[in-house]
Colleague: 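Dumping the structure here so I can ask a few things about it.
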Amino acid sequence: MKKSFAIALALLLAACNHEETAKAEVGAPAPPIVAIGVHDEVVSLPEHPSRPLVLTFWSATCGMCIQELQEMQRLQAAHPQAVDILAVNIDGVDSKTLQAVATRRELKVPVAADQLGVTAERYRVSGTPTNFLIGRDGKIVAAREGLLEREVLQRWFSGQ
């Protein structure tokens, strides 16, 4: 109980510290995220990324999301140095539920839960899957709603 309260408080404080944060737009800096990982850790965007990041928003009940995440896993295995992935679940689940879903769906990519909905709001997520490609400079390079076409995924994962 105390641990859950502490995590919720940490997430709430992180959200409040960035109340004035701009919304996600291509060409603009990626807004900070407010999410919790499968081990109850606070997850954030890397400060000095060595590779671009695919930030994907998904739901456990979205079959297209799971299909897309599994395809991303295959592409990352084929191009391990091209991009990093962070899969943010928007179902509002706790870390144990998130870990169970990831295990059941055989997801090996880093996953996090947007328990408060702050990150989805900052990124203007209205449905899943929704994907953002964030460059090494921390700016949003591309944004797409819906299932990414294979050609787009391959381009993102090949570094083009």
Side-chain angles (χ1 to χ4, degrees), residues 11-12 14-15 18-38 41-47 49 51-79 82-95 97-160:
L11 288 172
L12 188 58
H18 299 288
E19 269 186 77
E20 303 287 325
T21 302
K23 302 293 185 192
E25 291 182 16
V26 172
I33 65 169
V34 180
I36 190 83
V38 295
E41 75 278 14
V42 175
V43 175
S44 58
L45 295 176
E47 287 187 36
R51 292 183 284 275
L53 173 73
V54 175
L55 179 63
T56 182
F57 292 88
W58 64 287
S59 172
T61 59
C62 169
M64 287 190 312
C65 298
I66 303 304
Q67 175 188 346
E68 185 175 80
L69 285 168
Q70 291 169 341
E71 180 64 19
M72 286 182 183
Q73 284 182 172
R74 284 189 287 278
L75 287 167
Q76 189 173 45
H79 306 281
V83 296
D84 289 326
I85 302 170
L86 178 58
V88 178
N89 178 279
I90 64 165
D91 296 331
V93 299
D94 62 22
S95 60
T97 304
L98 179 65
Q99 187 170 30
V101 169
T103 300
R104 186 174 65 246
R105 299 295 193 161
E106 299 178 0
L107 299 176
K108 308 278 190 274
V109 298
V111 294
D114 182 17
Q115 291 180 319
L116 302 176
V118 172
T119 301
E121 182 180 331
R122 288 179 181 169
Y123 281 83
R124 298 178 179 164
V125 175
S126 60
T128 58
T130 297
N131 296 282
F132 294 85
L133 180 60
I134 301 171
R136 287 184 194 95
D137 61 358
K139 293 184 179 178
I140 298 172
V141 176
R144 297 281 182 103
E145 276 188 27
L147 186 66
L148 288 175
E149 299 86 11
R150 182 172 292 255
E151 299 78 33
V152 173
L153 272 172
Q154 288 174 341
R155 192 170 54 247
W156 285 15
F157 278 82
S158 66
Q160 298 177 1

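Being a predicted model, the structure only gives us computed values, none of them experimental. All values below come from the heavy atoms of this structure, side chains included, with hydrogens, waters and symmetry mates left out.
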Colleague: With rounding to the nearest 0.5 angstrom, report the CD1 to SG distance, Ile90 to Cys62.
Modeller: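 If we round to the nearest 0.5 Å, Ile90:CD1 and Cys62:SG are 8.5 Å apart.
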Colleague: For Asp91 and Ala60, indicate whether the former's side chain and the latter's backbone hold a donor-acceptor pair under 3.5 Å.
Modeller: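 Pair found, side chain donor or acceptor close to backbone of Ala60.
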Colleague: With a 4.5 Å limit on heavy-atom distance, are the side chains of Ile140 and Pro31 in contact?
Modeller: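 Result yes, sub-4.5 Å side-chain heavy-atom pair found.
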Colleague: Report yes if some heavy atom in the side chain of Gln154 is under 4.5 Å from a heavy atom in the side chain of His79; otherwise report no.
Modeller: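 Result no, sub-4.5 Å side-chain heavy-atom pair not found.
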Colleague: Between Glu145 (side chain) and Ser126 (backbone), is there a donor-acceptor pair under 3.5 Å?
Modeller: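 Checked: no pair found.
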Colleague: About how many Å separate OG1 of Thr103 and CG of Leu98, when rounded to the nearest 0.5 Å?
Modeller: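 Taking CG in Leu98 and OG1 in Thr103, the distance rounds to 9.0 Å.
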Colleague: Please report the shortest heavy-atom distance between Ala30 and Ile134, naming the atom on each side.
Modeller: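 Nearest heavy atoms, Ala30 then Ile134: CB-CD1, 3.6 Å.
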Colleague: Apply the test side chain to side chain contact (heavy atoms under 4.5 Å, CB included) to residues Leu153 and Met72: give CA-CA distance (whole Å), side-chain angles for both, the deciding distance (0.1 Å), then the verdict.
Modeller: CA-CA 7 Å; Leu153 272 172; Met72 286 182 183; 3.9 Å; yes
Colleague: Asn131 pairs by side-chain contact (heavy atoms from CB on, under 4.5 Å) with which of Trp58, Tyr123, Trp156, Phe57?
Modeller: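 The residue from Trp58, Tyr123, Trp156, Phe57 that satisfies side-chain contact (heavy atoms from CB on, under 4.5 Å) with Asn131 turns out to be Trp156.
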Colleague: Yes or no on side chain to side chain contact (heavy atoms under 4.5 Å, CB included) for Ile85 and Phe157, after CA distance, side-chain angles and deciding distance?
Modeller: CA-CA 10 Å; Ile85 302 170; Phe157 278 82; 3.7 Å; yes
Colleague: For Cys65 versus Pro129, what's the shortest heavy-atom pair and its separation?
Modeller: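 The pair with the smallest heavy-atom distance is SG-N, 3.4 Å.
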Colleague: For Leu133 and Pro52, which heavy atoms make the closest approach, and how far apart are they?
Modeller: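 Looking at all heavy atoms of both residues, the shortest contact is CD1-CB, 4.1 Å.
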Colleague: For the side chain of Gln76 and the backbone of Val83, is there at least one donor-acceptor N/O pair under 3.5 Å apart?
Modeller: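 Side chain of Gln76 to backbone of Val83, a donor-acceptor pair under 3.5 Å: yes, one is there.
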Colleague: Within the supplied structure, the quantity of interest is the number of heavy atoms (other residues, nucleotides, ligands) at a distance under 6.0 Å from Glu121 CD; does it exceed 12?
Modeller: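 For Glu121, atom CD is not crowded (no more than 12 foreign heavy atoms under 6.0 Å).
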Colleague: Could you give the distance from CG (Leu148) to CD (Gln67), rounded to the nearest 0.5 Å?
Modeller: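 Those atoms lie 11.0 Å apart.
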Colleague: Using the side chain to side chain contact (heavy atoms under 4.5 Å, CB included) rule, take Gln115 and Val93 through it: C-alpha gap first, then chi angles, then the decisive distance, then the call.
Modeller: CA-CA 6 Å; Gln115 291 180 319; Val93 299; over 6 Å; no
Colleague: Can you name the nearest heavy-atom pair linking Ile33 to Ser44, along with the distance?
Modeller: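 That closest heavy-atom pairing would be CG1-CA, 3.7 Å.
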Colleague: Enter the distance from Leu75:CG to Arg155:CZ here, rounded to the nearest 0.5 Å.
Modeller: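 Output value for this atom pair is 12.5 Å.
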Colleague: Flag the pair Arg122 / Val34 as yes when at least one side-chain heavy-atom distance between them is below 4.5 Å, and no otherwise.
Modeller: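 Side-chain contact under 4.5 Å: yes.
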Colleague: To the nearest 0.5 Å, how far apart are CD1 in Ile36 and CD in Glu41?
Modeller: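 Result: 6.5 Å between the selected atoms.
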Colleague: Hey, are the side chains of Leu107 and Gln70 touching, using non-hydrogen atoms and a 4.5 Å cut-off?
Modeller: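 In contact.
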Colleague: Find the distance between CD (Glu149) and CD (Glu68) and round it off to the nearest 0.5 Å.
Modeller: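 Between Glu149 CD and Glu68 CD, I get 9.5 Å after rounding to 0.5 Å.
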Colleague: Carefully, step by step, assess Leu86 and Val43 under the rule side chain to side chain contact (heavy atoms under 4.5 Å, CB included).
Modeller: CA-CA 10 Å; Leu86 178 58; Val43 175; 3.9 Å; yes
Colleague: Where is the tightest heavy-atom contact between Val141 and Gly135, given as atom of each residue plus distance?
Modeller: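 Smallest heavy-atom distance, with atoms named: CG2-N, 3.6 Å.
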